[in-house]
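Scroll down for the structure; my scribbles are underneath it.
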Amino acid sequence: MGRYVVRRLLQMIPVFVGSTMLIFLMVNVMGDPVAGLCGERGCDPATAAQLKREFGLDKPIWQQYATYMGNVFTGDFGTAFNGQKVTELMASAFPVTVRLTVVAILFEIVIGIALGVVTGLRRGRPVDTGVLLGTLVVISVPTFVTGLLLQLLLGVEWSWIRPSVSPDAAFGELLVPGLVLASVSLAYVTRLTRTSIAENKRSDYVRTAIAKGLPRRRVVVRHLLRNSLIPVVTFIGTDIGALMGGAIVTERIFNIHGVGYQLYQGILRQNTQTVVGFVTVLVLVFLVANLLVDLLYAVLDPRIRYA
Amino acid sequence: MRGFTHAGGRTAGAVCAIAAGLLAAGCGGGSGYGGAGVLTSSWGDPQNPLEPANTNEVQGGKVLDMVFRGLKKYDPRTGKAENMLAERIDTPDSRNFTITLKNGWKFSNGEPVTARSFVDAWNYGASLRNNQKNAYFFGYIEGYDKVHPDSGPQTADTLSGLRVTGPRTFTVRLSQKFSSFPDTLGYAAFAPLPRAFFTDHAAWLSKPVGNGPYEIESYTKGSAMALKKWDAYPGPDRARNVGVTLLVYTDSNTAYTDVLAGNLDLVDDVPATQLKNVRTDLNGRYINTPAGILQTLAFPYYDPRWNTDGARKVRTGLSMAINREQITRTIFRRTRTPATDWTSPVLGTAGGYKAGLCGHACAYDPVGARKLIEEGGGIPGGRLTITYNADTGSHRQWVDAVCHSINNALGNDRACVGNPIGTFADFRNQLGQHKKTGPFRAGWQMDYPLIQDFLQPLYYTGASSNDGKWSNKEFDRRVDQANAETDQARAVALFQQAEEVVRDNMAAIPLWYQNGSAGYSARLSHVALDPFSVPVYNEIKVG
């Protein structure tokens with residue numbers, strides 16, 4: 001197990017370097033970012049040259065990348081065009097998005113798995129059909145439609161929530177955006193759990209457990225659910241990264257100033273430092289989440305052993 | 001916090017309690033936005049650090065307008081430059097100016113505003129070392145070429161044309177005659193700066209201190225700025241509300257929804273998609289007033305095919321092929337007005353706006369258009385591509401509509417196509433490389449309400465925003481004459497003559513004048529937009 005973790009950690013290094021380099025090249029290929037800084041009129045050449053020097057944009061791209069990576073390892077992610085340190089932007093954006101992701105994941109786990117268990121145990125009954133239909137609707141309707149609709153109904157028509165989230169973005173305010181963000185994944189979690197439960201319900205160990213006379217609750221939670229969760233955990237694990245990076249739409253609708261907002265802003269202003277910095281951290285989140293998922297397998301299913 | 005008393009607010013506490021151990025993050029539940037007498041307003045994240053000479057977009061300018069007062073101020077209704085801190089600006093020859101300040105002005109930290117506050121600020125703004133994006137505003141002042149050379153290192157730290165002659169007087173010497181110079185001094189780049197700006201720059205940037213009717217109470221970069229009325233403000237335009245809280249919105253649709261739900265008081269950018277319902281939604285609390293913004297199509301004169309006598313006819317023909325009336329009505333719902341000259345109605349007739357100066361060249365005439373284009377030898381290259389940035393505004397819609405209009409006139413549905421560019425930065429980048437073969441979008445928002453500002457930066461040979469590199473000796477000569485003319489009315493007339501040169505050559509096709517639009521909650525009254533389409537915050541009454 002220990003060796004496995006070390007190997008996985010070492011594998012992260014080329015993935016990390018490769019992905020950051022790709023992002024770096026992609027943002028730089030878009031051209032000179034200083035050009036957009038001075039509004040409709042271009043910067044005067046002297047100021048533009050000075051700005052380029054300051055941001056290190058006058059050097060060849062491989063040198064820019066090398067300097068950048070060197071700085072990243074000392075914890076310096078550079079400066080955004082508005083003079084703010086990228087680390088400062090991260091410090092303000094990541095907690096917000098992490099809270100939003102936590103809310104979304106909790107929704108997925110609590111509602112998704114509960115619905116999945118209920119429908120999996122009652123296959124073919126009206127509950128099952130109803131939930132299946134519901135998830136189908138959720139999957140087929142794009143997030144921005146759900147988001148705008150909920151915002152309009154709950155925020156404007158019924159005044160239950162504020163249509164936008166305040167800069168503090170407390171947990172309570174993130175409930176609705178979190179639900180919107182989670183909605184599609186939630187439907188998948190429900191369906192995955194349902195299938196898995198239905199499949200394992202007829203397996204030998206469940207029949208044995210029932211025959212032993214174990215209480216139904218114990219059979220479902222310890223024997224049936226634990227073994228059925230492996231595909232669900234895989235899905236939720238990879239979803240963490242997807243939710244954090246893909247929150248752009250939800251964050252925009254509810255005016256949440258998180259990672260999605262900073263990335264959007266960074267791309268619009270062609271701010272290499274911001275975009276590469278945030279993507280770098282997101283890549284790390286993906287890698288760590290994947291590692292955790294693999295480790296969780298062993299916990300859930302003792303048969304899985306790693307060399 | 002207003003609007004935070006319903007269900008969402010109550011659950012917040014409970015969830016925060018549960019989550020307290022999970023994340024040590026802000027669970028205050030939103031503190032101190034809005035409140036009695038304080039209005040909340042939508043805002044965009046300023047692109048550059050908030051320094052007067054470094055702010056060149058509306059969002060940062062909005063703040064500077066609240067926390068700074070300069071020598072002059074543009075009247076929010078008429079756009080006329082009026083003395084603010086300046087007691088007198090005297091000149092014998094339109095080249096040497098003596099500026100006398102009024103007594104009793106202070107910065108909100110108590111420091112008096114002196115001649116030095118201005119001279120130091122201007123020297124800072126002009127110096128190449130400080131990377132100020134508005135440095136070119138000081139370009140008329142003598143010694144600018146030493147402080148801010150086009151290439152190479154700067155050879156002086158201060159402008160030789162500026163001299164402090166007393167605690168409240170200083171002199172300015174320009175490198176050429178420029179009679180409208182005093183009227184440009186209302187622009188934010190010319191604001192005075194307190195000593196704190198120079199001694200502790202980082203601290204000043206995190207919480208700018210100025211001499212305007214508001215002072216900054218708190219500033220959370222990227223999300224909110226709370227401004228409160230400065231009680232000791234000595235100026236005549238004191239704030240009529242207790243404070244203004246600017247909240248950053250990523251999407252103007254969300255801000256608009258917040259106004260509908262009563263969580264936001266003022267949105268100064270009503271999204272195009274909402275224009276259809278805005279009047280009924282807001283029950284008349286909607287304003288749509290002209291702003292000093294003109295959209296044009298500019299041409300690449302560095303491409304010799306566009307720089308011929310025939311191409312001149314083609315450009316005029318293209319202008320006649322565009323159905324401005326229909327596009328402004330259907331796409332912009334009358335928030336834009338078909339342009340008939342190259343300035344803006346906000347200047348007023350005395351300021352140089354002349355309705356109909358463009359004449360028949362700006363009137364929709366598909367038959368005449370086709371004839372002219374054929375006479376001129378057809379569109380250079382056989383096909384017109386209009387370059388624009390697709391990330392902001394609704395440029396895609398109108399460029400498609402313009403092309404459609406041109407295609408209809410020419411009876412060829414492949415004559416004109418749009419050429420979208422992903423981001424504004426890349427759009428500017430491509431224009432800067434001077435490799436375009438067709439026209440491109442050129443929006444112009446005035447810096448100050450002067451006819452000079454609509455002509456010289458755009459069409460003068462080698463001017464800062466002459467992206468198409470248009471050059472015409474006759475035009476340049478008339479602009480020089482106008483700048484040297486001391487009499488206001490005669491100067492304006494000379495600028496109009498220069499504008500006629502632009503018209504006769506159709507240097508750029510004027511499309512439409514843009515309006516500012518804003519919507520507000522029932523709590524507010526006396527809401528108005530100034531000619532720069534910025535709300536006149538200090539005049540708004542709350543409750």
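Residue numbers start from 1 in every chain, and the chains themselves are labelled A, B, ... in the order their sequence lines are given, proteins ahead of strands.
No donor-acceptor contact under 3.5 angstrom links the side chains of A/Gln270 and B/Asp426, judged on distance only.
Both the backbone and the side chain of B/Pro49 come within less than 4.5 Å of a heavy atom in chain A. Contact of A/Glu54 with chain B is made through the side chain alone, with heavy-atom distances under 4.5 Å. For B/Pro149, the part sitting under 4.5 Å from any heavy atom of chain A is the backbone (N, CA, C, O) and nothing else. B/Asn131 touches chain A through backbone and side chain together, each having a heavy atom under 4.5 Å away. The contact between A/Leu268 and chain B is made by backbone and side chain atoms together, counting heavy-atom distances below 4.5 Å. Of the atoms belonging to A/Glu88, not a single heavy atom falls under 4.5 Å from chain B. Heavy atoms closer than 4.5 Å to chain A are found in both the backbone and the side chain of B/Gln47. For B/Gln154, no part lies near chain A; criterion is any non-hydrogen pair under 4.5 Å. Residue B/Asp281: no heavy atom, backbone or side chain, is found under 4.5 Å from chain A. In this structure, no portion of B/Asn134 lies under 4.5 Å from any heavy atom of chain A.
Residues A/Pro163 and B/Asn263 form a side-chain contact, since some pair of their non-hydrogen atoms from C-beta on lies under 4.5 Å apart. Between B/Thr257 and A/Phe254 there is no side-chain heavy-atom pair separated by less than 4.5 Å. The closest side-chain heavy-atom distance from B/Asn130 to A/Gln50 is not below 4.5 Å. Within the 4.5 Å cutoff, the side chain of A/Arg252 has no heavy atoms near those of the B/Asn253 side chain.
Atom CG in B/Asp251 sits 13.0 Å away from atom CD in A/Glu251 (nearest 0.5 Å). Rounded to the nearest 0.5 Å, atoms OG (A/Ser164) and CG (B/Leu264) are 7.5 Å apart. A distance of 6.0 Å separates CG of B/Leu128 from OG1 of A/Thr47, quoted to the nearest 0.5 Å. A/Asn82 CG to B/Asn48 CG: the interatomic distance, rounded to the nearest 0.5 Å, is 8.0 Å. We find the CD-CG distance between A/Glu157 and B/Leu260 to be 9.0 Å, quoted to the nearest 0.5 Å.
No donor-acceptor distance shorter than 3.5 angstrom exists from the side chain of B/His148 to the backbone of A/Ala46, with no hydrogens or angles considered. For A/Asn255 (side chain) and B/Thr250 (main-chain N/O), a donor-acceptor pair under 3.5 Å exists by modelled atom type. With hydrogens and angles disregarded, no donor-acceptor distance shorter than 3.5 Å links the side chain of A/His257 to the backbone of B/Tyr249.
Counting heavy-atom pairs under 4.5 Å between each of B/Ala135, B/Gly432, B/Ser151, B/Pro46 and chain A puts B/Pro46 at the top. Of the residues considered (A/Val34, A/Leu89, A/Leu174, A/Asp44), A/Asp44 shows the highest number of contacts with chain B, using heavy-atom pairs under 4.5 Å. No other option in B/Gln132, B/Lys221, B/Glu57 has as many heavy-atom pairs under 4.5 Å with chain A as B/Lys221.
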